[in-house]
Every structure is written in C-alpha cells, then in structure tokens.
Colleague: 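The structure is given below, and queries will be raised subsequently.
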Amino acid sequence: MCGRVTLVADREKVENYFEIPFEGWAGERYDQLFPLYNGAPTHYLPVLLQEEERKLDLLQWGLVPFWAKDRKIGYKLINASVETVAEKPSFRNAFKKRRCLIAVDGYYEWVLKNGKKVPFRIVPEDGSLFALCGLSESWTDPKSGKELRTFTIVTMPAADSISHLHHRMPFAILPGDFENWLQGELSEKDLQKLTDEAAVRFSKAYRVSTEVNAVRNNHEGLLKPVEEESSGPLFDQ
DNA sequence: CCAGACGTTGTT
DNA sequence: GTCTGG
DNA sequence: CCAGACGTTGTT
DNA sequence: GTCTGG
C-alpha cells in the first residue's frame, strides 16, 4: 500500500512536471515544507486538481468526506482501492468529480523480518517524480467553520518488481495519461487500461534506516541505502 | 422507520 | 449524504 | 504507514 | 486491543 512518502524535489521540478505553477500561497509554503523525507498522513503534499480550472495546490493527506462529523475518519481514508473506488460511499462522489494527482518522488513500505519492521524506499527508475492517482475533498469543520482540503491515494495490485515487499502499490501514471485520469469518462475498461500501464512497475526499491519508522524523524539521512543484514538460516524463523 | 457505518492492510 | 441492517 | 497513548482532578 | 496523531 502507500502510507509514507518522500518529496525531495524542489518547487520548480514539481511545477515543470505538472506544467503549471502553484496557487499563490502554496508556492511559498512549498519552500517551507519541502524537501520532505518522511511524509505521513495529515501532512501537506502537492496535488494537481481539475476544478473549473486546473490548479496545483497543497492538500492534506487523509480524505475527509464532506459529510463527516469530525476529521478523525481521515486517519482511516489514506488509501482507496482502485477495484472498488467507484462504489464505496466514502469515495464515489470524489471519484466522479474530484480526481487528482499527487506528486511524490518515493514512498516507503515495511517488511516484517524477525519481528522487526524493516523499511524500504521505492523510487522511479528514472529518478523523476511519481504522479499518484488520488481523490480530493473539501470539508468544513462544523465547530470552527474552517475548511479542510484533503486527499487519498488510490492503490492497485503490486507490480512484479516490488511484489516481494507488498501485494499493493500506489496507482501511478505518466504525463501522457494525466488528462485521462483527471477528466476522462473512465469506464471500467478505461480504468483497466490505465492500471495496466501504471508507471510504478518501472520502480526499484532499497532498504533504509528504521529511523524512518518514527514520523518525528525527517532528515536527508533517511534516503540513504542501508546494507541488507546477512541473516543466515540460523537467524530465520 | 431509525441507527450506524461509511476504509485498507495485514494477521489470526 | 446515502446505504445497509435491524 | 508507525509510534504512542490509553485518565481525572486540582494546583502551579 | 484500539484509537489518535503525525
């Protein structure tokens, strides 16, 4: 699945990738929030939105549907399965009207080894960005009256190249398909075609420090590859 | 009718 | 808001 | 996703 | 065990 990400790219790289500048406030904010070595649910990430116009903005991870009584549900809705996203009550409205793309340049997966959670970082083979398919929502807090803008990341079955880490992965597409995801009619067949072409299959993975487990850690060292432990049969369960 | 859920993942 | 379950 | 809290009262 | 917070 996809529950922790990195975004190290500078603002210009993201703007160039999506061919659009950030909304006014988001541009300066970007420079404060990134590089992000340990991005978690509730954090802000760059999101390409297709409203009346196309916009590049910063939204918070963890979808809060407009009907929610409080924002807690967002802790659960960090991923949406592509197989069911069109039907689920929490997602179907956003799937119809508010599909979006999230920019990251890596994400983390954990593998249980000898009872320890060992993190790996998955990156695009060409070192560019991932554009992750997502859904966005806008929710108004009934207590404060403040608007909260959130998103969820769509997942799909893992590609062979990373299936040894997990059986799910984020649904990532290349620029040629951005238009289809954002504005297309998206019949089941179209969606199938998009998932078949999902770019993330061209990704590679490497082990990183368990420092990444704690969200409070956020420094360049988290990206550094860590040697695989030479655990012989003696250490295996 | 009203009440309660609305999600994914991994593990048992 | 909308659907399911009771 | 993982880590960390999980509680109330009264006082500083 | 389960929920909240980041």
Side-chain angles (χ1 to χ4, degrees), chain A residues 1-7 29 32-45 58-98 102 104-123 130 132-143 148-158 162-172 195 200 203 205 207-219 222-223 226 237:
Chain A
M1 71 177 304
C2 185
R4 211 73 76 77
V5 302
T6 65
L7 184 56
R29 193 72 194 283
Q32 298 165 1
L33 297 173
F34 304 93
L36 181 63
Y37 305 99
N38 202 354
T42 71
H43 287 165
Y44 284 94
L45 289 172
L58 292 166
L59 274 66
Q60 288 180 271
W61 188 2
L63 191 103
V64 182
F66 70 99
W67 42 258
K69 289 183 188 70
D70 59 58
R71 62 166 298 167
K72 286 177 196 162
I73 193 171
Y75 293 118
K76 296 177 184 175
L77 306 184
I78 65 171
N79 289 139
S81 172
V82 72
E83 296 92 333
T84 57
V85 73
E87 282 82 37
K88 293 288 183 182
S90 294
F91 299 134
R92 59 192 171 200
N93 286 313
F95 179 74
K96 270 187 221 153
K97 299 172 188 170
R98 289 181 300 280
I102 300 101
V104 303
D105 48 24
Y107 66 96
Y108 297 109
E109 296 279 19
W110 279 262
V111 174
L112 211 55
K113 293 191 176 179
N114 303 320
K116 301 267 172 74
K117 288 174 179 174
V118 178
F120 289 78
R121 181 170 182 242
I122 296 93
V123 294
F130 282 132
L132 305 183
C133 294
L135 312 172
S136 74
E137 279 274 8
S138 188
W139 173 77
T140 303
D141 186 338
K143 285 177 188 145
L148 188 71
R149 302 173 69 213
T150 58
F151 67 87
T152 189
I153 292 173
V154 179
T155 64
M156 59 179 278
I162 54 169
S163 61
H164 59 290
L165 298 177
H166 256 313
H167 65 105
R168 306 288 296 177
M169 69 179 189
F171 176 15
T195 53
V200 86
S203 57
R207 185 168 170 174
V208 293
S209 164
T210 52
E211 272 191 275
V212 79
N213 294 20
V215 176
R216 64 174 175 274
N217 295 323
N218 179 32
H219 59 85
L222 301 184
L223 305 184
V226 166
Q237 275 280 323

Colleague: OG1/A:T84 to CZ/A:F91 distance, rounded to the nearest 0.5 angstrom?
Modeller: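 Separation between the atoms: 7.5 Å.
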Colleague: Which residues pass the side chain to side chain donor-acceptor pair (under 3.5 Å) test with A:H219, not counting sequence neighbours?
Modeller: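 Here the qualifying residues are A:E211.
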Colleague: Please classify the nucleic acid contact of A:L112 as base, sugar-phosphate, or nothing, using heavy-atom distances under 4.0 Å.
Modeller: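 Sugar-phosphate only.
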Colleague: What interatomic distance, in whole Å, is found between P of B:dT8 and the corresponding atom of D:dC1?
Modeller: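 The same atom, P, in both gives a distance of 12 Å.
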Colleague: Let me know the distance between CH2 of A:W61 and P of D:dC2, rounded to the nearest Å.
Modeller: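 Distance check: A:W61 CH2 to D:dC2 P gives 11 Å.
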Colleague: For the pair made of CG in A:L77 and P in B:dT8, what is the distance, rounded to whole Å?
Modeller: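 Atom-to-atom, A:L77 to B:dT8, this comes out as 8 Å.
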Colleague: Would you list the pairs meeting side chain to side chain donor-acceptor pair (under 3.5 Å) in which at least one residue belongs to residues 66-76 of chain A, sequence neighbours left out?
Modeller: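 Listed once each, the pairs would be none.
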Colleague: Report which part of the nucleic acid A:T152 touches: base, sugar-phosphate, or nothing (heavy-atom distance under 4.0 Å, all strands).
Modeller: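 If one applies the 4.0 Å heavy-atom cut-off, A:T152 turns out to touch nothing in the nucleic acid.
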Colleague: State the OG1-CG distance between A:T155 and A:L132, to the nearest 0.5 angstrom.
Modeller: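 Answer for the OG1-CG pair, A:T155 versus A:L132, is 11.0 Å.
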Colleague: Starting from P on D:dC1, measure out to CH2 on A:W110 and report it in whole angstrom.
Modeller: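 Interatomic distance, CH2 of A:W110 to P of D:dC1: 9 Å.
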Colleague: Where each pair must be Watson-Crick or G-U wobble with both distances under 3.5 Å, what dot-bracket representation of DNA chain D is obtained, with crossing pairs in [ ] and other-strand partners as |?
Modeller: ||||||......
Colleague: Please give me the minimum heavy-atom distance between A:S209 and A:V226, naming the atom from each residue.
Modeller: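 Residues A:S209 and A:V226, closest heavy atoms: N-CG2, 3.5 Å.
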Colleague: Calculate, to the nearest 0.5 Å, the distance between atoms CD and CE belonging to A:E109 and A:M169 respectively.
Modeller: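 It is 10.5 Å, given to the nearest 0.5 Å.
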Colleague: At a cut-off of 3.5 Å, list every protein nitrogen or oxygen paired with a nitrogen or oxygen from nucleotides 3-7 of chain D, distance to 0.1 Å.
Modeller:
unit_1, atom_1, unit_2, atom_2, d
D:dA3, OP1, A:N213, ND2, 3.4
D:dG4, OP1, A:R216, NH1, 2.8

Colleague: Within this structure, what is the CD1-to-C1' distance between A:I122 and D:dC1, rounded to whole angstrom?
Modeller: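 In whole Å, D:dC1 C1' and A:I122 CD1 are 12 Å from each other.
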Colleague: Name the nucleic acid region contacted by A:T42, choosing base, sugar-phosphate or nothing; use a 4.0 angstrom heavy-atom cut-off, strictly under.
Modeller: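 Result for A:T42 = base.
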Colleague: Give me the first and last nucleotide of DNA chain C, going 5' to 3', that has any atom under 4.0 Å from a heavy atom of chain A.
Modeller: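 So the contact region on DNA chain C extends C:dG1 to C:dC3.
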Colleague: If we take the P atom in both E:dG5 and D:dG7, what is their distance in whole Å?
Modeller: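 My reading of the P atoms in E:dG5 and D:dG7 gives 12 Å.
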Colleague: Minimum heavy-atom separation for A:I73 to A:P65, with atom names?
Modeller: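 Closest heavy-atom pair between A:I73 and A:P65: CG2-CD, 3.7 Å.
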Colleague: What's A:Y108 touching, base or sugar-phosphate or nothing? Going by heavy atoms closer than 4.0 Å.
Modeller: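 Nothing: the residue A:Y108, judged by heavy atoms under 4.0 Å, touches no strand.
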Colleague: Does this structure show an ion pair linking A:E83 with A:R168, if we count only N-O contacts that are shorter than 4.0 Å?
Modeller: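 Answer for the salt bridge query: yes.
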Colleague: Can you tell me how far apart CG (A:L33) and NE2 (A:H43) are? Round to the nearest 0.5 Å.
Modeller: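 Reported value, rounded in 0.5 Å steps: 9.0 Å.
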Colleague: Is the closest side-chain donor-acceptor distance between A:R149 and A:S138 under 3.5 Å?
Modeller: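 No, because no side-chain N or O of A:R149 sits under 3.5 Å from a partner of the opposite role on A:S138.
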Colleague: Taking atom C1' in both B:dC6 and D:dG4, what distance in whole Å separates the two?
Modeller: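 Between the two C1' atoms, the distance is 27 Å.
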Colleague: For atom P, what is the distance between E:dG1 and D:dT9, given to the nearest Å?
Modeller: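 Taking atom P in both E:dG1 and D:dT9, they lie 29 Å apart.
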Colleague: When the distance from NE2 of A:H166 to C1' of B:dT9 is rounded to whole Å, what number comes out?
Modeller: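 About 8 Å, once rounded to whole Å.
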Colleague: Test: salt bridge (charged side-chain N to carboxylate O under 4.0 Å, His left out). Region: residues 110-123 of chain A. Which pairs qualify, not counting sequence neighbours?
Modeller: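 Salt bridge (charged side-chain N to carboxylate O under 4.0 Å, His left out) check on residues 110-123 of chain A returns A:D105-A:R121, A:K113-A:E228.
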Colleague: Roughly, in whole Å, what's the span from CE in A:M1 to P in D:dC1?
Modeller: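 About 4 Å, once rounded to whole Å.
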Colleague: At 4.0 Å (heavy atoms only), tell me whether A:Y107 reaches a base, stays on the sugar-phosphate, or touches nothing.
Modeller: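 Here A:Y107 touches no strand at all.
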Colleague: Parallel under 30°, tilted from 30 to 60°, perpendicular over 60°: which one fits the rings of A:F151 and A:W61?
Modeller: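 The rings of A:F151 and A:W61 lie parallel, inter-plane angle below 30°.
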